[in-house]
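Encoded as structure tokens, the structure appears first; notes follow it.
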Amino acid sequence: MSERSILKEDFLKRVKIIVGSRFTDDPRILKVYSRDFWPLLTLRESRGDELAMPLAVAWPKTVEEVTSLIKLCNEFKIPFTPYGGGSGVTGAAPCRDCLVIDVKAMNKIIELNEEDMYVTVESGIMIKKLEEYLNSKGYTIRHIPQSFPEAVVGGLIATLSTGEYSTKYGGIEDLLLDIEVVTADGGFIPLREKIVPRTSTGPNIKKLMLGSEGQLGVITKATLKIFQIPEYTSKNTFVFNSFEEALAAAREVMLLGLQPAVLRIYDKDEAALRFNEDRDLAIFIIEEWSKALLDAKESELRMVMKKRGALEIGEEYVDSWLKKRFDVISDVVKLVVPLGLWFDTIETAATWSILPKVYREFKREVKMIKGVNSVLAHASHFYSTGGCIYFTIVFEANEEVYWRVWEKAMDTLIKNGATISHHHGIGLLRKKWIERELGESLKYLKKIKRLFDPNNISNPGKFMEWESSEA
Amino acid sequence: MKLKTLSTVKITPKLLLNLIQLPFKKVEKPCIYCPGICISVCPTFINTGNLSLSPLGYSRYEDLGRNNCLKCWRCVSECPLSYPLPESYASEVKLTLEVLKKRETVLLSARNLDEKYSYGLSELLGTGLILINGLVERYDEGRPVNPSSLKRILRALKNYRKVYTISPESHHTLSVPLLIENLSGFSIRLNYNGPIHIPCLLLNREEKIIQALISIGVRPTKIIRDQCLKMEEPDGLSLCPRASMRNVKTIFDEILASLSY
């Protein structure tokens with residue numbers, strides 16, 4: 001037996017001592033953990049290709065077990081990766097030869113504070129279970145991404161996620177009040193003794209975990225804002241003459257402070273697929289805790305839409321979206337795969353002044369690629385400064401076309417002043433382009449990574465990894 | 001595929017050929033294309049946090065599914081495709097029917113699932129009795145039902161004026177009305193005040209079941225719907241005959257007691 005094999009065997013024996021029966025190196029289970037929901041990995045798996053298998057999976061139940069596992073990994077110089085719901089779409093979680101630290105056995109709700117309006121949870125709790133618990137008490141976290149049925153809180157923080165209601169309630173960064181972390185070098189940063197609404201006590205090191213994608217350690221607990229469930233809701237759909245017109249209307253809505261809970265603008269290509277409707281349209285959900293506020297916002301919204309010549313057509317498409325929004329597979333299984341096609345989604349954000357150009361250029365450039373059959377778009381997640389456009393691209397099912405799409409897409413976005421990712425994150429997928437976006441900041445991110453993870457074992461091979469020449 | 005959807009797509013000769021063949025193409029294992037929309041309702045996943053002990057693992061490895069999946073069918077109700085994963089682990093099972101006692105109104109019993117109650121209930125309620133073989137294999141071994149045998153059974157059941165069942169399994173497979181939703185027709189009154197456990201296969205009928213039970217005197221203090229009795233002893237009064245195998249009190253014990261009295 002080689003020295004490396006003996007090392008691995010010793011390592012696994014020690015893992016078993018820490019977590020007991022909550023550990024496996026069964027290859028069938030490792031295969032499930034060799035993927036997340038990155039469409040390229042799914043394409044490879046569907047073709048029977050080998051994926052990057054981890055070394056083993058452990059399910060720690062306490063922060064002490066997480067700390068012991070990470071210290072062990074440092075001792076043996078064996079890498080680890082935190083794993084949540086596995087619903088990420090960029091290949092951030094899978095890690096070859098890593099110890100997978102699956103946080104989902106740490107899933108308790110630690111404190112619901114109804115006076116101060118926050119909840120503290122273990123990082124492995126599913127966002128859906130947390131929302132169901134909060135709803136039963138009359139509260140909501142209103143963080144509802146499309147991965148709502150699968151995602152866990154730790155993973156949502158690590159990927160800087162946003163939810164469908166983020167226009168009103170903010171992204172995960174706006175909801176996060178505090179965090180507990182076991183750092184990549186086996187250190188421990190606990191929760192604050194007492195939550196405060198704001199503090200000016202130097203840079204908040206904990207915020208580095210937002211978007212860190214498992215490269216700085218393992219998030220073990222989080223404290224998040226909650227809201228009372230809004231009592232008053234209004235749903236409506238408006239049809240526009242063009243996608244650009246709808247974007248202009250959205251700007252006016254945001255600058256008026258109407259801040260809808262949900263605002264989604266579909267271009268006619270995507271509206272055709274989602275609603276069998278070949279017009280550019282926008283669906284709105286406004287929700288408030290006061291009838292007077294709801295009525296006022298509804299009235300202002302109608303005035304803006306009327307001024308813009310938009311046609312009001314009612315709730316039907318909103319209800320249709322609400323019913324189907326988590327269904328990511330029906331179209332794939334019924335159409336895309338049987339037609340020999342594949343797909344991916346590319347989300348970006350840009351300011352109002354360039355958003356229309358980003359939309360036009362992206363669609364034009366990507367549609368021209370040989371092998372691409374369709375480029376759909378919708379806009380959602382709005383800010384006072386701009387918004388997010390979410391493109392769905394359907395193409396011939398092969399990797400060559402896949403990477404041609406991504407090369408052109410990233411190049412087009414960067415050239416036009418948009419970001420390479422609004423909320424999906426970097427993972428393995430966007431690693432190639434992160435330096436173009438971040439510039440010098442990336443150098444400092446890598447220095448931080450080196451500080452947290454001197455042995456380079458926390459989800460290695462991802463975008464914060466430094467080269468020895470960069471030390 | 002709708003025409004409006006088609007208009008958004010660049011049609012190439014290769015795509016056109018695939019479009020023509022579309023009605024004949026079927027994805028056999030859809031779960032690998034899914035992030036796990038159903039996993040939050042899977043009892044084995046919720047209990048462990050282990051993704052492989054969920055439809056994500058069961059769909060990839062038949063033996064994992066055969067040995068670990070509870071075949072509770074909760075995942076099927078969450079699945080946008082209603083893919084019947086719980087009956088994909090083994091070969092078909094043929095259902096057969098035995099008429100034990102012929103009457104116009106019959107109670108349908110599932111072998112190895114509910115005989116403990118159905119025989120006695122049939123006597124006390126004055127109904128006929130039919131025994132179905134093969135259902136327990138569907139829900140314990142994960143075997144699909146042979147379609148011809150199912151058709152034969154359904155045809156045979158049409159010969160009776162009324163058919164009732166006490167097993168969620170019989171209701172799920174054969175769509176036979178539940179006795180617990182029709183107890184008022186037998187002038188049964190129950191004096192139960194406490195939590196009620198809804199079986200996995202009857203979750204979609206919760207409202208109707210609770211209304212029916214309230215109408216015969218039951219006063220539910222709490223509804224328990226997140227427990228699968230194949231995994232753990234349910235809190236509260238169970239509506240599933242299987243629960244008696246775990247020495248858990250069921251509504252059928254209450255009914256038999258009230259009829260005997």
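Chain identifiers are assigned alphabetically (A, B, ...) following the order of the sequence lines, protein sequences preceding nucleic acid strands; residue numbering begins at 1 within each chain.
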Using a 3.5 Å cut-off and no angle test, enumerate the donor-acceptor pairs between side-chain atoms of residues 206-217 of chain B and protein atoms at least two apart in sequence or in another chain.
residue  : atom : partner  : partner atom : Å
B:Glu206 : OE1  : B:Arg225 : NE           : 2.7
B:Glu206 : OE2  : B:Arg225 : NE           : 3.4
B:Glu206 : OE2  : B:Arg225 : NH2          : 2.7
B:Ser215 : OG   : B:Ala212 : O            : 2.6

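When B:Pro30, B:Cys34, B:Ser54 are compared by the number of non-hydrogen pairs under 4.5 Å with chain A, B:Cys34 comes out ahead. Heavy-atom pairs under 4.5 Å with chain A were tallied for B:Leu56, B:Ile39, B:Leu15; the largest tally goes to B:Leu15. Interface remark: of the candidates A:Val57, A:Val103, A:Val372, A:Val372 forms the most heavy-atom pairs closer than 4.5 Å to chain B. Most heavy-atom pairs under 4.5 Å with chain B, from the set A:Val89, A:Val332, A:Asp327, A:Val152: that is A:Asp327.
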Check against side-chain contact (heavy atoms from CB on, under 4.5 Å), A:Leu335 and B:Leu22: CA-CA 8 Å; A:Leu335 290 176; B:Leu22 187 60; 3.9 Å; yes
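Taking CG of A:Leu41 as the start and CD1 of B:Ile32 as the end, the distance is 12.0 Å to the nearest 0.5 Å.
For B:Asn50, the parts sitting under 4.5 Å from any heavy atom of chain A are the backbone and the side chain alike. Heavy atoms closer than 4.5 Å to chain A are found nowhere in B:Phe24, neither backbone nor side chain. Both the backbone and the side chain of B:Tyr33 come within less than 4.5 Å of a heavy atom in chain A. Of the two parts of B:Ser40, the backbone and the side chain both hold a non-hydrogen atom closer than 4.5 Å to a non-hydrogen atom of chain A.
Applying the ring pair (Phe, Tyr, Trp, His ring centres under 6.0 Å) test to every pair with at least one member in residues 212-238 of chain B, sequence neighbours left out, gives no pairs at all. Residue pairs that meet the salt bridge (Lys or Arg N to Asp or Glu O under 4.0 Å) test with at least one member in residues 19-40 of chain B, sequence neighbours left out, do not exist here.
Put simply, the side chain of A:Met368 does not reach to within 4.5 Å of the side chain of B:Lys10, judged on heavy atoms.
Of residues 19-27 of chain A, those residues with a non-hydrogen atom less than 4.5 Å from any non-hydrogen atom of chain B are, in numerical order, A:Pro27.
Results of the side-chain contact (heavy atoms from CB on, under 4.5 Å) test with B:Pro80 over A:Val328, A:Ile329, A:Val333 single out A:Ile329 as the only residue that passes.
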